[in-house]
Amino acid sequence: METTSLKLKQASAVLKVQPKDLQNLVQFGVVKPKRAQGAYLFDARALLTAKVAFCLKESLGTGTNVLVRLIRAFHASEKQIRAKNPEYVVFTCRFAQGDEPVKLGVPLRSLEEQIQNDMGRVALYRDLPRGRKRPGWKREFLATLSDAAKDMGNVSEKEILQTIGKHRQERRRTPEIAVAAES
């Protein structure tokens, strides 16, 4: 993976999460990006850690204290994991004494590929100064819109609305859950 340093808003765009959700992971110590000049800088390792943390949080629905422990265990075994270059990393959790452990496989290689493919989103969230807009921002904005319109080609408004409708419908679908017996 690339060794690009991204600010929080850019990193959240690459990870396809809300900036506030990523900020919460940082504040609770789940993800520990580098800090320079008052800003958090996410490198490839921090992006992968955040992606794994979001995957675990979504799958297990655990609180941040359990998530911190899982990520610490992930970092502790990271050298062994990197040496094997596995497709999946399996977390085994036992939430209470005497309970059966819960196994959760995280598709590590797939997550790395997703991050790599979504690095193009960084250009959409450039790091602009706070406060007033800089001179020529409106002209630059219109030029970007016209470039996007050229890239779209001859697409009707009806097709655009249908595509948006399909996307929204897919986001509302419930996840597929499969149960398999293991000996």
Side-chain angles (χ1 to χ4, degrees), residues 1-27 30-31 33-61 67 71 85-89 104-178:
M1 269 206 277
E2 296 177 13
T3 57
T4 308
S5 291
L6 306 175
K7 288 193 174 179
L8 188 120
K9 195 170 186 180
Q10 295 170 322
S12 66
V14 170
L15 297 173
K16 298 179 184 174
V17 296
Q18 294 295 320
K20 186 64 179 170
D21 294 337
L22 184 57
Q23 183 180 356
N24 286 342
L25 286 185
V26 172
Q27 286 178 340
V30 178
V31 180
K34 293 180 176 96
R35 192 172 169 102
Q37 298 176 355
Y40 291 109
L41 299 177
F42 292 81
D43 58 358
R45 182 175 184 233
L47 288 173
L48 182 62
T49 301
K51 194 77 168 173
V52 168
F54 280 116
C55 188
L56 289 171
K57 184 177 179 181
E58 184 179 310
S59 300
L60 293 174
L67 205 53
I71 294 300
N85 191 22
E87 191 163 336
Y88 284 88
V89 174
L104 179 69
V106 176
L108 189 67
R109 202 177 303 160
S110 173
L111 294 179
E112 285 178 336
E113 289 172 5
Q114 284 177 13
I115 291 171
Q116 193 66 34
N117 292 339
D118 293 335
M119 282 301 242
R121 292 172 160 255
V122 173
L124 298 173
Y125 294 90
R126 292 184 312 205
D127 185 32
L128 299 175
R130 287 184 165 188
R132 291 186 171 202
K133 305 285 186 228
R134 63 193 183 290
W137 71 270
K138 205 177 265 187
R139 187 175 16 231
E140 190 177 313
F141 178 71
L142 291 173
T144 304
L145 285 179
S146 66
D147 288 344
K150 288 176 188 173
D151 289 345
M152 286 178 55
N154 294 331
V155 180
S156 69
E157 191 172 333
K158 184 178 178 183
E159 291 173 319
I160 293 171
L161 292 175
Q162 286 175 344
T163 304
I164 291 171
K166 286 179 186 176
H167 175 73
R168 288 179 177 165
Q169 193 174 32
E170 286 178 12
R171 287 183 64 195
R172 277 187 251 136
R173 281 195 188 141
T174 57
E176 293 180 22
I177 299 173

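None of these values were measured; they are calculated from a predicted model.
- In this structure, Asn24 has no side chain to side chain donor-acceptor pair (under 3.5 Å) partners at least two apart in sequence or on a different chain.
- Between Val30 and Lys57, the closest side-chain pair of non-hydrogen atoms is not below 4.5 Å.
- Distance CZ/Arg171 to NE2/His167: 5.0 Å, rounded to 0.5 Å.
- With rounding to the nearest 0.5 angstrom, the CG atom of Leu47 is 10.5 Å from the CD atom of Gln10.
- Atoms CD1 and CG, on Ile71 and Leu25 in that order, are 8.5 Å from each other to the nearest 0.5 Å.
- Listed by first and then second residue, the salt bridge (Lys or Arg N to Asp or Glu O under 4.0 Å) pairs that reach into residues 10-22 are Lys16-Asp118, sequence neighbours excluded.
- In terms of the side chain to side chain donor-acceptor pair (under 3.5 Å) criterion, residue partners of Lys34 (sequence neighbours excluded) are, by chain and number, Asp43.
- Taking Ser110 as the reference, Pro107, Gln114 meet the side-chain contact (heavy atoms from CB on, under 4.5 Å) condition, with sequence neighbours excluded.
- To the nearest 0.5 angstrom, Leu142 atom CG is 8.5 Å from Trp137 atom CH2.
- Within 6.0 Å of the CD atom in Gln27, the count of heavy atoms belonging to other residues, nucleotides or ligands exceeds 12.
- No side-chain donor-acceptor contact under 3.5 Å links Ser59 to the backbone of Leu56.
- Shown here are the side-chain contact (heavy atoms from CB on, under 4.5 Å) partners of Glu159, two or more places apart in sequence or in another chain: Val155, Ser156.
- The closest side-chain heavy-atom distance from Leu41 to Pro33 is not below 4.5 Å.
- With sequence neighbours excluded, the residues that form a side-chain contact (heavy atoms from CB on, under 4.5 Å) with Glu113 are Arg109.
- Every side-chain contact (heavy atoms from CB on, under 4.5 Å) that Leu8 has, sequence neighbours left out, goes to Pro19, Leu22, Gln23, Phe42.
- Annotation: side chain of Leu48 is in contact with side chain of Leu108 (closest heavy-atom distance under 4.5 Å).
- Judged as a side chain to side chain donor-acceptor pair (under 3.5 Å), and not counting sequence neighbours, Ser12 has no contacts.
- Looking at residues two or more places apart in sequence or on another chain, you find a side chain to side chain donor-acceptor pair (under 3.5 Å) between Arg35 and Tyr40.
- Side-chain atoms of Phe54 and Val17, non-hydrogen and from C-beta on, do get closer than 4.5 Å to each other.
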